[in-house]
Amino acid sequence: MAGITLKNVKKIYDDNYTAVHDFSLEIKDREFIILVGPSGCGKSTTLRMIAGLEDISSGELYIGEKLVNDVPPKGRDIAMVFQNYALYPHMSVYKNMAFALEMRKMPKDEIRKKIMETAKSLDITELLERKPKALSGGQRQRVALGRAMVREPSVFLLDEPLSNLDAKLRTQMRAEIKELHRKLNTTFVYVTHDQTEAMTMGDRIVVMKDGFIQQADTPQELYNNPVNTFVAGFIGSPQMNFINAQVIGDSGKIRIKIDDSLIDIPKETIKNNSLEKYLGAEVIFGIRPENTVLSHDSKNSVDARIEICELMGDSSYIHMKTGKDNIICKYPSLFSGEKGEKVMVTFDMTKSLFFDRETGIRI
């Protein structure tokens with residue numbers, strides 16, 4: 001088993017494009033860590049540098065206590081599961097799983113034992129004689145996982161392994177991969193652009209943007225205490241509401257002004273009087289849809305107009321417009337409002353967040 005340490009790792013391509021900037025992270029032994037972010041953020045490049053498939057331009061990469069910057073992939077004791085499964089099409093499932101072990105000159109009876117044990121644990125025993133083209137997407141994914149498992153690596157690297165599966169199978173495979181991590185008790189580094197995968201699977205999540213780490217923390221901490229508007233907007237579905245507001249001081253209270261409405265801010269939600277220096281200034285008010293409530297009381301409310309209602313079965317997403325801002329309310333039951341209908345909206349201000357309008361950094 002092994003942890004992974006990245007110290008100021010950078011990746012610059014030949015055209016001087018920097019894909020990863022000054023990436024520093026300590027991945028604990030046996031941790032399940034997720035790299036998440038939009039396309040082009042550098043997450044897959046980082047994974048490929050850990051795997052040895054991309055050279056490191058500068059910085060240091062350790063697997064366990066060993067510096068591996070110049071160690072080829074086969075010497076890193078890692079196994080990688082790719083988005084497209086990367087199975088050999090002309091080989092049977094058994095041969096695909098056996099190939100790496102045969103290259104190590106492992107005895108045939110030992111290879112067979114490992115494959116049969118792994119196939120049983122993944123429920124693919126009956127597939128061992130089939131070719132990859134005869135398998136479904138979910139079956140191919142299990143075979144790819146099995147091929148990695150038989151090698152008993154110190155580190156598993158998974159690059160968007162579920163992106164080619166349908167929604168139902170993705171949900172099932174998320175649970176299976178999480179259970180696999182528990183059984184194998186080894187280090188997993190998992191790349192995805194899907195924040196739902198990240199939130200449901202990872203011990204910690206590393207949110208990336210434009211080659212930089214934005215925040216690395218537990219799923220709950222990222223959700224409750226994002227460091228900036230990018231993390232706040234990326235984590236959570238539907239995404240957080242961002243509303244332009246002005247900070248107002250009034251008789252010892254601090255309020256925010258949204259359009260012509262004044263909203264009281266409970267003192268306990270303001271850390272170290274952090275909003276006082278923004279008195280009279282514009283800020284970004286962040287509130288999640290589940291903490292956005294339709295109201296019949298004009299106090300601490302803002303006026304809005306309904307744009308569209310999305311019925312989600314047991315709940316509704318109500319899309320509204322207030323002034324220049326779009327907001328979403330996650331309504332706990334079915335709601336049938338008409339486009340253009342006027343409503344009042346209030347907020348659970350104990351769950352409010354505030355961000356600097358220029359930098360996007362949490363206040």
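When reading the values below, keep in mind they use all heavy atoms of this one structure, side chains included, and skip hydrogens, waters and symmetry mates. Heads up: numbering here begins at 1 and tracks the sequence. Predicted model only: the values in this text are computed from it and were never measured.
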Just by distance, no angles: are the side chains of N244 and D325 close enough, under 3.5 Å, to form a donor-acceptor pair?
yes

Residues T346 and N300: side-chain donor-acceptor under 3.5 angstrom
no

Given side chains that start at C-beta, do those of Y317 and L311 come closer than 4.5 Å, heavy atoms only?
no

Min side-chain heavy-atom separation K114-E152 under 4.5 Å:
yes

Could you check if a side-chain atom of K43 sits within less than 4.5 angstrom of a side-chain atom of V36, using non-hydrogen atoms only?
no

In terms of heavy-atom contacts, does NZ of K253 have more than 12 from other residues, nucleotides or ligands at under 6.0 Å?
no

Donor-acceptor check, side chain of S316 to backbone of S333, threshold 3.5 angstrom: yes or no?
yes

Student check: side-chain heavy atoms of V71 and K66 closer than 4.5 Å:
yes

Are L135 and I115 linked, directly or through intermediate hydrophobic residues, by side-chain heavy-atom contacts shorter than 4.5 Å (ILVMFWY only)?
yes

Taking atom CG as the centre, does D15 end up with more than 12 heavy-atom neighbours from other residues, nucleotides or ligands that are less than 6.0 angstrom away?
yes

Quick one: does M80's side chain get under 4.5 Å of L158's, heavy atoms only?
no

Polar side chain donor-acceptor pair, D194 to T192, under 3.5 angstrom:
no

With heavy-atom distances below 4.5 Å as the criterion, would you say the side chains of T5 and I27 are in contact?
no

Using the side chain to side chain contact (heavy atoms under 4.5 Å, CB included) definition, which of the options V189, I78, D29 pairs with I4?
V189

Is R147 positioned over the aromatic face of Y85, cation under 6.0 angstrom from the ring centre and no more than 45 degrees off axis?
no

Basic-acidic side-chain contact under 4.0 Å: R305, E341
no

Are any non-hydrogen side-chain atoms of I33 and V206 less than 4.5 angstrom apart?
yes

Between K95 and F99, is NZ or CZ placed under 6.0 angstrom from the six-membered ring centre and within 45° of the ring axis?
no

Is it the case that the side chains of T322 and D303 hold a donor-acceptor pair, with the cut-off being a distance below 3.5 Å and no angle test?
no

What are the two closest non-hydrogen atoms of A148 and P153, and how far apart are they?
O-CD, 3.4 Å

Would you say M208 and T46 make side-chain contact, with heavy atoms under 4.5 Å?
yes

